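Given the structure is predicted, the values throughout are model-derived calculations rather than measurements. Indexing begins at 1, ligand by ligand and atom by atom, following the structure's order.
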Amino acid sequence: MSAYWLDWLSLLTRWAHLIVGIAWIGASFYFVWLDNHLDAPTDAALKDKGVAGELWAVHGGGFYNPQKYRLGPPQMPSQLHWFYWEAYSTWLTGFAMLVLVYFLDPALNLLDPARAAPAGYAGVAVALGFIVGGWLVYDGLCRSPLAKAGWMFQAVLALLLAQAAFALCWLFSGRGAFILFGAMLGTMMVANVAMVIIPGQRRMVAAIARGDAPNPVDAQRGKQRSVHNTYFTLPVLLTMISNHYAGITHAAHNALALVLLAAGGAAIRHWFVLRHRARERAGRTSPLALALGVSLIAATVVLLQPPRVAGAAVDDARALAILDIRCVTCHAEHPTFPGMAAAPNGAMFDSLERARAKRSLIATQVQSGAMPPGNLTGLSDDERAALLRWAQAR
Ligand code: HEC
């Protein structure tokens with residue numbers, strides 16, 4: 001496929017992914033908010049109908065009064081709304097992006113010769129192994145007796161995820177590792193919807209339609225998975241935008257950064273959940289979870305700070321010569337690199353003025369090792385150090 005068509009396909013898929021992702025996460029945030037704000041009804045008629053919680057809200061000029069039934073309504077309403085296409089289409093468009101950006105040409109963004117994953121499509125197979133294997137391990141864990149063990153289960157899950165983050169960063173390019181970690185978590189979230197929550201709801205609906213009581217185990221399982229999804233959300237969103245920040249994804253301690261940032265995101269989400277519930281505890285939310293989340297992120301910021309390189313000044317001619325042989329094949333007005341239609345992100349180094357204008361970006365990309373992608377043009381360590389000294393000089 002020509003670079004022109006690939007560009008369009010990539011932009012339109014990304015757009016669609018963003019739209020359906022917002023629809024999914026928006027609905028998911030709303031229902032978590034709703035569930036945690038419900039108050040027991042005072043109206044006897046509501047209680048008799050089996051309503052366990054209700055609330056009043058005003059939005060867009062209208063007043064709303066959602067009610068949650070203990071297990072289900074006595075009879076099925078004629079029109080019952082379901083929420084699953086948002087999740088499924090987010091996964092489908094996300095997987096399409098993964099193929100377009102990382103799998104079609106794995107040497108470009110997924111792999112790094114300095115990392116352990118095998119070259120070419122064997123590396124893609126390892127990546128797919130994480131996505132499928134992640135779900136199998138997580139689902140097995142949720143079905144094991146450990147799932148009833150409260151914090152023990154959470155600790156084991158957190159430990160396994162941290163191990164996966166380290167393994168991914170050891171195997172793949174920093175950018176590839178971050179996105180695969182997000183894809184793995186995102187797949188667990190969507191599979192939770194497709195394989196556990198929705199089938200359980202279908203059984204509940206069928207039971208009510210038959211006039212039987214729904215099985216509470218289906219409700220509990222659905223709730224467990226939807227709680228997990230809530231905590232996965234912020235870490236997943238972080239990985240989805242991380243690919244724009246090579247200084248972070250390609251940092252020396254990128255695996256630790258990924259773990260700390262993901263834990264920070266989950267802690268902040270926990271604070272929001274507590275805040276939703278706070279009304280029932282006289283309106284106070286302990287700031288502990290928020291403080292923990294922010295501290296983890298702040299610690300990562302300090303940890304990743306790159307050292308300034310020492311050494312003799314590098315003159316413009318030497319820098320330009322390195323850029324010319326190692327970068328300009330892609331970063332020029334008319335790139336010569338096969339499949340590159342235009343300068344990536346508009347970054348061009350085919351003249352001193354253009355290169356100077358992008359100095360700080362060059363410094364980040366070169367220091368982290370993110371550029372050249374997969375070191376396709378063979379930038380040597382000496383050249384890297386020289387280019388970095390030039391780019392960091394004021
Ligand atoms: C094989 C093609 C290729 C080569 C060679 C290459 N780059 Fe890039 N570069 C890319 C692509 C693709 C992107 C866009 C990455 C993205 O969208 O995340 C990029 C992005 C960048 C950016 C912009 C980052 C931003 O945030 O806007 C900088 C700066 C950069 N490269 C520097 C370099 C330097 C310096 C070299 C040489 C040492 C180099 N690149 C070599 C393909 C290349």
Side-chain angles (χ1 to χ4, degrees), residues 1-4 6-11 13-15 17-18 97-98 100-114 119-120 172-180 182 238-251 254 306 309 314 316-393:
M1 199 183 320
S2 81
Y4 177 78
L6 205 62
D7 246 13
W8 272 110
L9 197 59
S10 170
L11 173 67
T13 313
R14 197 179 291 250
W15 193 13
H17 185 53
L18 199 64
M97 284 306 297
L98 211 51
L100 287 174
V101 181
Y102 294 89
F103 292 172
L104 273 183
D105 183 0
L108 198 57
N109 291 320
L110 180 70
L111 301 173
D112 179 342
F172 297 100
S173 80
R175 178 178 170 171
F178 271 55
I179 205 77
L180 283 175
L238 171 89
T239 64
M240 295 299 140
I241 53 173
S242 66
N243 54 10
H244 300 289
Y245 303 93
I248 296 160
T249 56
H250 286 251
N254 63 349
V309 285
V314 173
D316 290 342
R318 167 114 165 91
L320 217 51
I322 299 171
L323 288 168
D324 195 47
I325 50 168
R326 307 296 181 206
C327 318
V328 165
T329 43
C330 296
H331 291 284
E333 185 112 38
H334 302 290
T336 52
F337 194 83
M340 196 69 68
N345 292 5
M348 294 180 246
F349 317 131
D350 46 4
S351 74
L352 186 59
E353 288 67 39
R354 282 179 165 166
R356 272 222 178 109
K358 301 278 180 197
R359 254 188 193 190
S360 67
L361 278 179
I362 292 176
T364 314
Q365 300 284 336
V366 168
Q367 180 153 45
S368 63
M371 285 289 141
N375 203 3
L376 285 173
T377 48
L379 184 72
S380 73
D381 291 348
D382 273 359
E383 289 168 335
R384 193 178 290 281
L387 199 53
L388 186 56
R389 276 206 301 282
W390 173 81
Q392 282 186 343

ask   = Under 4.0 angstrom from ligand 1, any heavy atom of Arg326?
value = yes

message = How long is the straight-line distance from CD of Glu333 back to OG of Ser351, given to the nearest 0.5 Å?
response = 9.5 Å

task = With rounding to the nearest 0.5 Å, note down the distance linking OG1 in Thr239 to CG in Leu180.
result = 9.5 Å

message = For Lys358, which part has a heavy atom under 4.0 Å from ligand 1: side chain, backbone, both, or neither?
response = neither

message = Any atom of ligand 1 sitting under 4.0 Å from a heavy atom of Arg175?
response = yes

query = Where does Thr377 meet ligand 1, judged by heavy-atom distances below 4.0 Å: at the side chain, the backbone, both, or neither?
reply = side chain

task = Around atom 14 (C) of ligand 1, find the nearest protein heavy atom and jot down its residue, atom name and distance.
result = Pro344 CB, 3.6 Å

task = Please report the closest heavy-atom contact between Gln367 and Pro306, naming both atoms and the distance.
result = OE1-CB, 3.2 Å

inquiry  = Let me check your reading of the structure: within less than 2.8 Å of atom 8 (Fe) of ligand 1, is there an N/O/S atom from Gln365?
reply    = no

task = Please report the C-alpha distance between His331 and Ile362 in whole Å, then the side-chain angles of each, then the deciding distance to 0.1 Å, and finally whether the side-chain contact (heavy atoms from CB on, under 4.5 Å) criterion is met.
result = CA-CA 11 Å; His331 291 284; Ile362 292 176; over 6 Å; no

ask   = Strictly under 4.0 Å, does any heavy atom of Glu383 approach an atom of ligand 1?
value = no

query = When you measure from atom 36 (C) of ligand 1 to every protein heavy atom, which one gives the shortest distance, and what is it?
reply = Cys327 SG, 2.7 Å

request  = Just jot down the ligand 1 atoms closer than 4.0 angstrom to any heavy atom of Val366, in number order.
outcome  = 35 (C)

inquiry  = Please classify the Pro373 to ligand 1 contact at 4.0 Å (heavy-atom distances, strictly less than): side chain, backbone, both or neither.
reply    = side chain

request  = Working to the nearest 0.5 Å, report the span between OG1 of Thr329 and CG of Asp350.
outcome  = 11.5 Å

request  = Tell me which protein heavy atom sits closest to atom 2 (C) of ligand 1, plus the residue, atom name and distance to 0.1 Å.
outcome  = Cys330 SG, 1.9 Å

key: Proximity flag Phe349 to ligand 1, non-hydrogen atoms under 4.0 Å   = yes

key: Numbered atoms and elements of ligand 1 in range of Met340, under 4.0 angstrom, heavy atoms   = 2 (C)

inquiry  = How long is the straight-line distance from CE of Met371 back to CG of Leu376, given to the nearest 0.5 Å?
reply    = 9.5 Å

note = For Ala393 and Arg359 the tightest heavy-atom approach is O-NH1, 2.9 Å

inquiry  = Among all protein heavy atoms in this structure, tell me which lies nearest to atom 25 (C) of ligand 1, with the distance rounded to 0.1 Å.
reply    = Asn345 ND2, 3.5 Å

query = Roughly how far, to the nearest 0.5 Å, is OG1 of Thr377 from CG of Leu323?
reply = 10.5 Å

key: N, O or S of His331 under 2.8 Å from atom 8 (Fe) of ligand 1   = yes

message = Suppose we measure from atom 19 (C) of ligand 1 to each protein heavy atom; which comes out shortest, and what is that distance?
response = Met371 CE, 3.1 Å

task = Please report the shortest heavy-atom distance between Cys327 and Phe349, naming the atom on each side.
result = CB-CD1, 3.9 Å

key: Criterion side-chain contact (heavy atoms from CB on, under 4.5 Å) on Asp112 and Phe172, from CA distance to verdict   = CA-CA 6 Å; Asp112 179 342; Phe172 297 100; over 6 Å; no

